[in-house]
Amino acid sequence: MTARGLDWTPEEMRRLGYAVVDAVVARHSGLASDAPWRGGRRTELETLFREPCPEDPGDPDLALATAVEEILPRAGRIDHPRFMAFIPSSPVWPAILAQWLTTGFNTFQGTWLESAGPSQIELVVLDWFREWMGMPEGAGGLFTSGGSAANLMAVVAAREKAGNPESPAVYISDQAHSSVARGVRIAGIPSEAVRRIPVGSDLRMRADLLARQMEQDVEAGRSPVLVVGNGGATNTGLVDPLAELATISRRHGAWFHVDAAYGGFAVLTPRGRALLEGIQDADSITLDPHKWLFQPYEAGCLLARDPADLESAFRVSAEYLQDTELGMEHVNFGDRGLQLTRSFRALKVWMTLKTHGRRALADAVEEAMVLADHAADRIRKEPLLEILGVPSMSIVCFRARSSRERTVTPEVLDRWNRIIQDQVVEEGTAMISSTLIDGRFALRFCILNHRTTRADVDAVLDRIVELAEAGVP
Ligand SMILES: Cc1ncc(COP(=O)(O)O)c(C=O)c1O
């Protein structure tokens with residue numbers, strides 16, 4: 001390192017920079033032969049990493065080696081082809097490179113003045129998303145840290161649009177992602193204003209119950225502010241009847257938001273487009289490119305039918321920012337959401353589409369759904385497995401059941417399934433998570449990875465069947 005304090009010589013920067021590239025390429029090339037998950041107990045990690053803050057310079061090669069060999073591997077490999085837990089992510093290489101570039105170029109993506117080129121690219125990419133969703137021209141929004149931030153901002157925008165009424169009502173499905181309820185709470189809307197509309201036997205929000213609840217609330221003097229539909233529920237992948245929800249919301253002047261953080265990019269395929277029918281009628285949509293658009297963390301997005309609604313909700317002028325006011329067409333993305341200092345997230349999506357093209361991404365989305373269909377078909381045929389709920393998009397919930405010869409109590413069956421899950425994860429076959437469907441413990445596959453193959457799905461199911469056959473321990 002130089003004697004110039006914090007700056008490095010070009011040679012040093014290159015040497016370590018190339019070492020980082022090598023480490024990441026090695027990780028990606030060896031991914032499939034690695035375990036999908038590795039955890040660690042707090043006591044073990046305290047022993048390994050607890051130390052006083054270094055006062056003096058240390059060896060950068062040693063710090064890099066520790067990061068690459070000791071710290072980063074002790075985690076889930078979310079992009080492993082057999083990581084099927086929660087909502088995985090499998091970023092493509094151009095997107096990773098773009099993220100490195102934006103870090104290296106230290107882009108400040110809060111105002112047009114400070115990032116004209118990047119702001120234009122954000123507008124362009126948002127417009128691609130708008131078209132994919134079928135929203136009218138003029139709709140737009142912003143990139144966010146993720147779906148939670150986008151959902152929160154949608155709640156705030158809806159509340160402001162409604163004039164922040166004294167007695168609001170917000171309608172969400174009982175299958176809504178937790179970030180929606182959290183957003184409502186952060187927005188200061190009291191919990192008694194939240195109506196959790198039950199789902200039907202198909203696990204989709206009951207539009208008739210929504211309509212009835214809204215009518216009752218209006219009669220009681222409440223102001224319906226917001227309806228949130230699922231554009232692919234996290235639990236099941238199921239899509240609420242969006243077109244109906246849009247009509248009902250409009251009838252009562254409520255903002256209609258679709259949380260499509262998980263499923264939104266399924267619109268790239270004819271099947272997904274059909275499932276998400278009605279999404280184009282939303283006032284706002286949450287999307288998460290870091291889920292099904294193969295982007296590294298963090299990349300979320302909020303699209304609004306009228307981006308002026310976002311600016312009315314979030315813009316607060318300040319004297320020290322007066323130089324940044326360059327006129328309406330020069331969008332200051334810091335005025336559209338809760339972050340002033342923002343990274344340039346749109347570049348990774350732009351690089352991805354410029355190098356792979358839309359069709360390749362659409363094919364990868366379709367393939368994930370085909371693999372989920374395959375998993376569901378196999379589960380239906382396996383005598384010791386049963387599907388729970390209704391598989392949709394790329395999510396399949398299921399569990400092991402008892403054989404005809406041997407019936408066990410529901411509690412034993414739940415415990416048995418938990419043991420199967422733990423075994424599959426601990427031995428490194430796959431990372432799968434669990435949930436509850438109608439109150440019953442379920443194993444859950446979420447297949448989103450462009451690397452996952454039919455052989456991966458079969459290998460995981462073969463092992464689960466093997467464990468199920470071994471019987472209740
Ligand atoms: C439907 C849905 N909405 C919102 C979120 C939250 O998104 P994030 O984790 O990007 O904040 C998720 C995450 O899984 C999700 O599945």
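Side-chain atoms are counted along with the backbone in the values below, which use heavy atoms only and exclude waters and symmetry mates. Atoms within a ligand are numbered from 1 in the order they appear, just like the ligands themselves.
Residues L126 and E122 are in side-chain contact: their nearest non-hydrogen atoms beyond the backbone lie under 4.5 Å apart. Looking at I121 and V125, their side chains come closer than 4.5 Å, going by heavy atoms from C-beta outward. Residues V228 and N151 have side chains not in contact (no heavy-atom distance under 4.5 Å, counting atoms from C-beta outward). Taking the side chain as every heavy atom from C-beta outward, D281 and L242 never approach each other to under 4.5 Å.
Of the inter-residue distances, the one linking E244 atom CD with S249 atom OG reads 11.0 Å to the nearest 0.5 angstrom.
Every atom of ligand 1 with a heavy atom of T234 under 4.0 Å away is listed here by number and element: 1 (C), 2 (C), 15 (C), 16 (O). Here is the list of ligand 1 atoms found below 4.0 Å of a heavy atom in N151: 3 (N), 4 (C). Of all the atoms in ligand 1, the ones that sit under 4.0 Å from a non-hydrogen atom of A261 are 2 (C), 3 (N), 4 (C), 15 (C). Those atoms of ligand 1 with a heavy atom of D259 less than 4.0 angstrom away are 1 (C), 2 (C), 3 (N), 4 (C).
Residue contact check for ligand 1: G300 places no non-hydrogen atom closer than 4.0 Å to it. Residue contacts with ligand 1 include K291, since one or more of its heavy atoms lies under 4.0 Å from the ligand.
Nearest to atom 11 (O) of ligand 1 by heavy atom, out of G146, P88, S148, is S148.
At a heavy-atom distance under 4.0 Å, only side-chain atoms of S179, from C-beta outward, approach ligand 1. At a heavy-atom distance under 4.0 Å, only side-chain atoms of H290, from C-beta outward, approach ligand 1.
A salt bridge between D174 and R196 is absent, with no side-chain N of the basic residue lying under 4.0 Å from a carboxylate O of the acidic one.
Backbone and side-chain nitrogen or oxygen atoms of G147 are examined, and one is located within less than 3.5 angstrom of a nitrogen or oxygen of ligand 1.
Annotation: ring pair (Phe, Tyr, Trp, His ring centres under 6.0 Å) contacts of H290 (sequence neighbours excluded): Y297.
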I'd like a table of donor-acceptor pairs (distance under 3.5 Å, sequence neighbours excluded) in which one partner is a side-chain atom from residues 154-164, with atom names and distances.
{"unit_1": "R159", "atom_1": "NH1", "unit_2": "A187", "atom_2": "O", "d": "2.5"}
{"unit_1": "K161", "atom_1": "NZ", "unit_2": "D309", "atom_2": "OD1", "d": "3.0"}

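Among all non-hydrogen protein atoms, the one lying nearest atom 10 (O) of ligand 1 is D288 OD2, 2.6 Å.
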